[in-house]
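What follows is a short report on a single structure.
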Amino acid sequence: MTVLINNLVADTPEHERARQLSAKYEGWNAESILRDAIGQEFAGKIALTSSFGADAVALLHLVAKIDRTTPVIFLDTDRHFFQTLQYRDELVDLLGLTNLTNLRPALEDIRALDPKNTLFQSDPDACCDFRKTKPLAAVTKDYAAWISGRKRHQAATRANLSVVEFDGRNFKINPLANWTAQDVADYIRVHNLPEHPLVAQGYPSIGCFTCTKPVEDGQDARSGRWAGQDKTECGIHLSVYEDGEGI
Ligand code: SF4
């Protein structure tokens with residue numbers, strides 16, 4: 001059994017390696033970081049998790065330039081906007097990605113925990129847990145590292161994000177940690193990449209349709225996620241493992 005513990009885990013050789021890699025990548029651009037992580041440091045043992053949301057195309061394009069066979073994991077919560085699913089299919093085709101996994105919650109969990117699809121209202125943490133955290137934990141144990149598109153500018157909770165982290169089981173590579181919203185927009189424009197169709201409708205951050213609202217100009221990009229609630233993260237980046245098992 002895996003026990004989730006708080007972030008104050010004891011130092012391990014893996015934590016030290018994460019610090020050393022973060023120092024090594026200091027000043028490197030995102031593509032160089034990815035080339036080293038995918039081709040050298042974690043070759044054959046690294047995957048990309050993508051929401052196929054507002055910013056996702058930049059990181060997907062960078063990874064596809066390096067190796068189109070890199071595993072890409074999409075958390076198909078069963079609660080996505082249909083535009084996200086269409087955009088996912090469009091990008092996979094456009095970028096030639098050959099190793100996409102659509103990770104769905106277990107049917108028995110849907111039946112037992114959320115038979116009426118209303119858990120997002122009564123207990124969104126529990127909903128994210130069985131629709132996202134649990135399915136992801138079941139597959140990330142097969143990898144040494146996973147790549148995420150998180151950025152420091154996105155929220156106060158991400159302001160101190162390291163380029164490389166260790167969560168007790170996996171290394172997490174955040175090659176866009178120091179990118180701004182303008183950097184993403186510039187990358188998409190320079191490479192003539194398609195935007196998620198909901199961006200033009202006021203959605204700078206896109207998750208499940210039940211828990212995502214458009215935001216006003218000048219508002220925090222993630223303020224439309226779980227709007228009106230204390231919740232700011234789905235939980236997949238909060239999990240810290242004490243041992244090597246899935247949760
Ligand atoms: S974002 Fe909302 S609907 Fe999606 S898994 Fe989390 S609580 Fe459930």
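Only heavy atoms go into these numbers, but all of them, side chains included; no hydrogens, no water, no symmetry mates. Remember, it's 1-based here, ligands and their atoms both numbered in the order they're listed.
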Worksheet entry | Separation of Lys213 NZ from Ser205 OG (nearest 0.5 Å) |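 Spacing of OG (Ser205) from NZ (Lys213) equals 14.5 Å.
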Practice prompt. State the CG-CZ distance between Asn117 and Arg131, to the nearest 0.5 angstrom.
Written response: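 Asn117 atom CG to Arg131 atom CZ measures 5.0 Å (nearest 0.5 Å).
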Worksheet item: Do Arg189 and Glu195 sit within salt-bridge range, that is, some charged N less than 4.0 Å from a carboxylate O?
Response: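 Looking at Arg189 and Glu195, the cut-off is not met.
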Worksheet item: Do Glu165 and Arg19 meet the salt-bridge criterion of a basic N to acidic O distance under 4.0 Å?
Response: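 No, this pair does not count.
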Within a distance under 4.0 Å of any heavy atom of [X], pick out the atoms of ligand 1 and give their elements.
X	value
Cys208	1 (S), 3 (S), 4 (Fe)
Cys211	1 (S), 2 (Fe), 3 (S), 7 (S)
Thr210	3 (S)

Worksheet item: atom 6 (Fe) of ligand 1 to Cys128: any N/O/S contact under 2.8 Å?
Response: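 Given the 2.8 Å cut-off, Cys128 counts as a ligand of atom 6 (Fe) of ligand 1.
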Worksheet item: N/O/S atom of Cys127 under 2.8 Å from atom 8 (Fe) of ligand 1, yes or no?
Response: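 So Cys127 counts as coordinating atom 8 (Fe) of ligand 1, yes.
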Worksheet item: Do Tyr187 and His61 have side-chain N/O donor and acceptor atoms under 3.5 Å apart?
Response: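 Side chains of Tyr187 and His61: pair found under 3.5 Å.
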